[in-house]
Amino acid sequence: MTSVDKPTADQPSPAGPGRHARTKDGGPGGPGGPEGTTDQAVTDKAVTEAALFEAFGGVRGMVETVLPGLLFVTIYTINKNLHSSAIAALAVSLVLVLVRLIRRDTVKHAFSGVFGVAFGVVFAMMTGNAKDFYLPGMLYTLGLALAYIVTTIAGVPLIGLILGPVFKENLSWRTRNPGRKKAYAKASWAWGLILLAKCAILFPLYWWADTAQLGWVLVALKIPPFLLAVYLTWVFLAKAPPPIDVFAEMEAEEKAQEEAQEEAEAARKRADGGAEADAGAEARGRTEA
């Protein structure tokens, strides 16, 4: 098995085992008309959609992201009480995690929401300024935007590091699938610039707007920029070559090694049987002589 991050001379297609390369003849891997190419393209897009849905949490993940902040700003708008607003936001985050634990669902998105809300609550309580509830999340967004841009400039787009394991390609896209690396770079640029634009709106409001105004704008900007970034990621990846399934490659290599060992063992047994037959024939010849 070659390294997942190492080009190979015997890898003519970025499709990898289990995935067919599209050819000029039409069908996957050879002649076959446009139907094969169309079916493969539809399959690739479906795989991309499913992977993005899994990676970013889907509709439920978006709800879990928005609900605590929405509850905080709603309660604060009504009673201007920092403590009750913060406690309510933290409580609903914990309830969302508990629901996932009871249903035995993945909790990574809910846990990230709890940590974000907890940091906001602690920060706001320490400073006594309700607007500081939003500051840790805003700083995280700014840091994430810079991470997308810097890693792309460095040649290792962050979105590729995030989605590579989801697509079972790990880091193979870096050197074995240049078309896919280019798509990841475009997607990372999209995420970085969209998040920077979001920060350009929120940080001035942090200084000049009141808590309720900042909160409602932040809630309004939770989903649309996220959906735009996910959509652009899907567009770029849907047009890119399919991922190389490095896990399928490892399984294929292990199977080939097992078959080679079985063949070697069978050959050894045949050789031993032939040697025994020759020895027996020689012994019989001596007896007759």
Side-chain angles (χ1 to χ4, degrees), residues 1-30 32 34-58 61 108 144-196 225-253:
M1 173 65 188
T2 58
S3 168
V4 296
D5 193 18
K6 180 180 179 182
T8 57
D10 59 346
Q11 182 69 32
S13 164
R19 303 297 301 272
H20 298 290
R22 302 189 188 100
T23 69
K24 295 180 180 179
D25 294 316
E35 293 82 0
T37 301
T38 302
D39 292 343
Q40 186 63 40
V42 171
T43 300
D44 291 342
K45 288 183 178 181
V47 170
T48 300
E49 291 173 2
L52 290 176
F53 191 86
E54 175 186 346
F56 297 114
K108 60 181 180 180
L144 189 60
L146 295 176
Y148 277 117
I149 293 174
V150 171
T151 55
T152 305
I153 294 174
V156 192
L158 180 59
I159 197 71
L161 300 178
I162 296 172
L163 295 180
V166 177
F167 285 109
K168 299 181 180 180
E169 61 183 332
N170 287 351
L171 298 180
S172 62
W173 51 268
R174 291 189 62 210
T175 52
R176 299 174 61 191
N177 204 340
R180 199 158 181 86
K181 180 179 180 180
K182 185 177 181 180
Y184 280 138
K186 291 180 179 179
S188 284
W189 274 114
W191 278 91
L193 295 176
I194 288 171
L195 293 179
L196 279 181
F226 173 81
L227 290 179
L228 176 59
V230 171
Y231 172 73
L232 291 176
T233 301
W234 176 81
V235 169
F236 295 139
L237 292 182
K239 296 179 180 179
I244 299 171
D245 190 338
V246 296
F247 297 101
E249 286 185 335
M250 288 188 288
E251 291 175 358
E253 182 185 6

Taking the side chain as everything from C-beta on, heavy atoms only, tell me whether [X] gets closer than 4.5 Å to [Y].
X: Trp191; Y: Val230; value: yes
X: Ile162; Y: Tyr148; value: yes
X: Leu227; Y: Tyr231; value: no
X: Leu161; Y: Leu171; value: yes

Check whether Ser188 reaches the backbone of Ile159 with its side chain - one donor and one acceptor, N or O, closer than 3.5 Å. yes
Whether Arg180 side chain and Pro241 backbone form a donor-acceptor pair below 3.5 Å: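 Yes, Arg180 side chain to Pro241 backbone: donor-acceptor pair under 3.5 Å.
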May I have the step-by-step check of side-chain contact (heavy atoms from CB on, under 4.5 Å) for Trp189 and Ile153, ending in yes or no? CA-CA 9 Å; Trp189 274 114; Ile153 294 174; 3.9 Å; yes
[X] versus [Y], closest heavy-atom pair with distance:
X: Leu158; Y: Thr151; result: N-OG1, 3.1 Å
X: Ser172; Y: Val246; result: CB-CG1, 3.8 Å
X: Phe236; Y: Ala183; result: O-CB, 3.6 Å
X: Pro243; Y: Asn177; result: CA-ND2, 4.2 Å
X: Ala185; Y: Thr152; result: O-CG2, 3.7 Å

[atom2] on [Y] to [atom1] on [X], rounded to 0.5 Å:
X: Ile194; Y: Leu228; atom1: CD1; atom2: CG; answer: 3.5 Å
X: Phe167; Y: Asp245; atom1: CZ; atom2: CG; answer: 12.0 Å
X: Asn170; Y: Ile244; atom1: CG; atom2: CD1; answer: 11.0 Å

